[in-house]
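Data block below; observations after.
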Amino acid sequence: MTERATTLGVAVIGTGRMGADHVRRIHEVTSGARVTAVVDVDAERAKAVAARVDGCTAYTDPAAAMTAADVDAVLIASPGPAHEATLLAAFEHDLPVLCEKPLTPDAASALRVLEAETRLGHRRVQVGFMRRYDPEYAKLKALLATGQLGRPLMVHNRHRNAASPPFFTSTMLVTDSVAHEADATRWLLGHEITAVTVLRPTPSVNAPDGLRDPQFVVFETDGGALSEEIFVNCGFGYQVQAEVVCERGTARIGDGHALVTNMAGRWGGTIAQDFTERFETAYDHEIQAWVDATRRGEVTGPGVWDGYAAAAVCEAGVRALEDGGRVEVELVEKPALYA
C-alpha cells in the first residue's frame, strides 16, 4: 500500500453503540484521520451519526461507501454475521480494515476470510482485540517478554460483568466474552490453545432463568494449562483480571487500585460498570495505532489469523459447554503470510 493522504478518510460501518463511539473517537481523539462516511442499514440512524461530523456522508450500502473518493480505510463495527461480506468487499478494493471482534461468528467463515486475504498476498485487516492496547496488559506482556519470572505455567483470567443484557445466552458467554480471554492468552504467552473444557457450577441466583452463569473454562495450550472464569451477572461491576503464574514468580493486573480511599471508617475505590469505561484508553490506543500504521502503508496488531484462532477456540468452547468434556481445537496450518 502506498503512503496515504495526510489525513486518512475512514468509513465506519455500523453505527450502533460501538460504531457511534468509534465515530466520536476518530472525530475527537484520534489524530491523522477523519470520518468521511458512515454506513448502517438504518438510514435515519446513519444520517443522525453523520450529521455530527462535518463532511461525513451517510450510506446504507458498505460497497457504495468503499467506492467513495474520500474513503481510504474501513472500520467495521456492524454485527458479527455481517462481517464476512464486508471484509470480502474491502479486499476487492484493497482497502485497509479495522474489524471489531469477532472477525466472523464461526471458524468456517473466518477461514474463508483468511483464505481470501492470503490470496491477496498481503495483510489488510487488524482485528479489534483491544486488550492488547490496554496499558496494564501491555505492561504484563512486556514483563513476560523479559523472562524475569521464568516460564509461564498458568494464567488465571477473570471476566465479570455487572449484569447480562436480556438477549444474552449461555453460548454467548463463550463467543462474546471468553473470546477476549482466548486472544489475550494466546498473545501474552505466544501459545496456541489446543483444547477447551467448560465446567458449569450451579448458576447464580442473579442469572436469568436458563443462563448458565458463571462458567469455568479451562484452556490447554501447546505450552501449558490455563484457567478462565466468566461471570456475567456478578452484580457489582465490570472486572477483568489476569494473573500469570511463572516458574520464578507471578504477575497480576486488573485489581483497579489506581485510587484507594479511606473515609468514614471504610476504605476502597470504584469499579468500572462496563467495558467502554474500563477499556476506554485501550480503544483510544488501538484506533490510533491502526491509523498510524495505515498511513505508513502497514498493517500491525492482531490480524485475521488471530480472529480465526479465537473463533476456533470459541467453537470448541461451545461444544464443551453443550456436550461436556474436553474438546480439541481444530486449526488449519498457519499460512506463511501470518508467520
Side-chain angles (χ1 to χ4, degrees), residues 101 129-162 173-174 177-201 204 213-232 234-262 267-272 275 277-283 285-286 301-302 306 309-310 313-314 316-317 320 326 329:
K101 75 90 187 168
F129 288 120
M130 79 292 184
R131 291 191 190 177
R132 298 191 185 201
Y133 299 89
D134 175 70
E136 288 190 59
Y137 272 91
K139 190 172 184 179
L140 178 58
K141 171 72 170 176
L143 174 61
L144 294 174
T146 68
Q148 296 177 44
L149 297 179
R151 182 173 63 89
L153 303 173
M154 294 179 287
V155 176
H156 298 292
N157 293 303
R158 289 173 290 279
H159 185 162
R160 299 165 183 153
N161 294 62
L173 270 74
V174 176
S177 297
V178 174
H180 278 294
E181 274 69 33
D183 181 71
T185 295
R186 294 178 59 256
W187 174 63
L188 286 171
L189 302 186
H191 298 170
E192 289 293 357
I193 297 172
T194 56
V196 185
T197 303
V198 180
L199 305 177
R200 299 166 292 184
S204 166
D213 181 43
Q215 297 172 17
F216 192 85
V217 182
V218 179
F219 293 148
E220 296 175 43
T221 77
D222 51 13
L226 317 152
S227 63
E228 143 78 359
E229 171 202 321
I230 175 67
F231 188 8
V232 297
C234 73
F236 58 78
Y238 181 83
Q239 189 176 62
V240 170
Q241 300 169 316
E243 181 182 31
V244 183
V245 179
C246 303
E247 291 175 321
R248 294 195 295 273
T250 69
R252 186 174 67 216
I253 61 171
D255 289 330
H257 290 165
L259 175 66
V260 177
T261 61
N262 293 274
W267 67 271
T270 60
I271 299 174
F275 67 95
E277 179 184 354
R278 166 62 180 86
F279 288 111
E280 180 178 9
T281 299
Y283 282 117
H285 290 180
E286 174 190 51
D306 301 296
V313 170
C314 288
R326 174 182 179 273
V329 177

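Remember, it's a predicted structure, so these values are computed and weren't measured experimentally. Side chains included, hydrogens not; waters and symmetry mates left out as well; all remaining heavy atoms used.
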Do you know the tightest heavy-atom contact between C246 and G150?
-> CB-O, 3.8 Å

Would you call L189 and V155 a side-chain contact if the rule is heavy atoms closer than 4.5 Å?
-> yes

side-chain contact (heavy atoms from CB on, under 4.5 Å) against P201, all qualifying residues, sequence neighbours excluded | P214

For P302 against R132, the heavy-atom pair lying closest together | CB-CZ, 3.6 Å

Interatomic distance, M130 atom CE to D183 atom CG [nearest 0.5 angstrom] = 10.0 Å

Minimum heavy-atom distance G317-V196, with the two atoms named = CA-CG1, 3.7 Å

Can V178 and L173 be said to form a side-chain contact (heavy atoms from CB on, under 4.5 Å), step by step?
-> CA-CA 6 Å; V178 174; L173 270 74; 5.5 Å; no

Hey, could you give me the OG/CZ distance between S227 and F216, rounded to the nearest 0.5 Å?
-> 4.0 Å

Whether Y137 and F279 hold their rings parallel, tilted or perpendicular, with breakpoints at 30° and 60° = tilted

Might you point out which heavy atoms bring L149 and A251 nearest each other, and give the distance in Å?
-> CD1-CB, 3.8 Å

Measure the shortest side-chain to side-chain distance between L144 and L188 over non-hydrogen atoms and say whether it is less than 4.5 angstrom.
-> yes

D213 to I230 - nearest heavy-atom pair and separation | OD1-O, 3.8 Å

Compare all side-chain heavy atoms of F275 with those of Y238 and state whether any distance is below 4.5 angstrom.
-> yes

Would a 4.5 Å heavy-atom cut-off, applied to side chains only, mark I193 and V329 as touching?
-> yes

Between atom CZ of R131 and atom CG of L140, what is the distance when rounded to the nearest 0.5 Å?
-> 12.0 Å

Distance col, row L143:CG vs T146:OG1, nearest 0.5 angstrom, shows 5.0 Å

About how many Å separate CZ of F231 and CG of N161, when rounded to the nearest 0.5 Å?
-> 10.5 Å

How would you list all residue pairs meeting salt bridge (charged side-chain N to carboxylate O under 4.0 Å, His left out) that involve residues 241-250, not counting sequence neighbours?
-> R151-E247

Which of R160, Q215, Q241 passes side chain to side chain donor-acceptor pair (under 3.5 Å) with E229? Answer is R160

How about R200: does its CZ atom have over 12 heavy atoms from other parts shown lying under 6.0 Å from it?
-> yes

Using 30° and 60° as the class limits, which term best fits the ring planes of H180 and H159: parallel, tilted or perpendicular?
-> tilted

Is the closest basic N to carboxylate O distance between D306 and K101 below 4.0 Å?
-> no

For E192, enumerate each residue passing the side-chain contact (heavy atoms from CB on, under 4.5 Å) test, keeping only those at least two apart in sequence or located in another chain.
-> R186, D222, W305, A309, L331

Ignoring hydrogens and angles, tell me if any N or O in the side chain of E136 forms a donor-acceptor pair with the backbone of G254 under 3.5 Å.
-> yes

D134: which of R278, E286, K139, H285 passes side-chain contact (heavy atoms from CB on, under 4.5 Å) | R278

Rounded to the nearest 0.5 Å, how far apart are CG of N157 and CG of L226?
-> 7.5 Å

Is the backbone of H191 close enough, under 3.5 Å, to the side chain of T221 for a donor and an acceptor to pair up by distance?
-> no

Taking 4.0 angstrom as the limit, do E228 and R158 come out as a salt bridge?
-> no

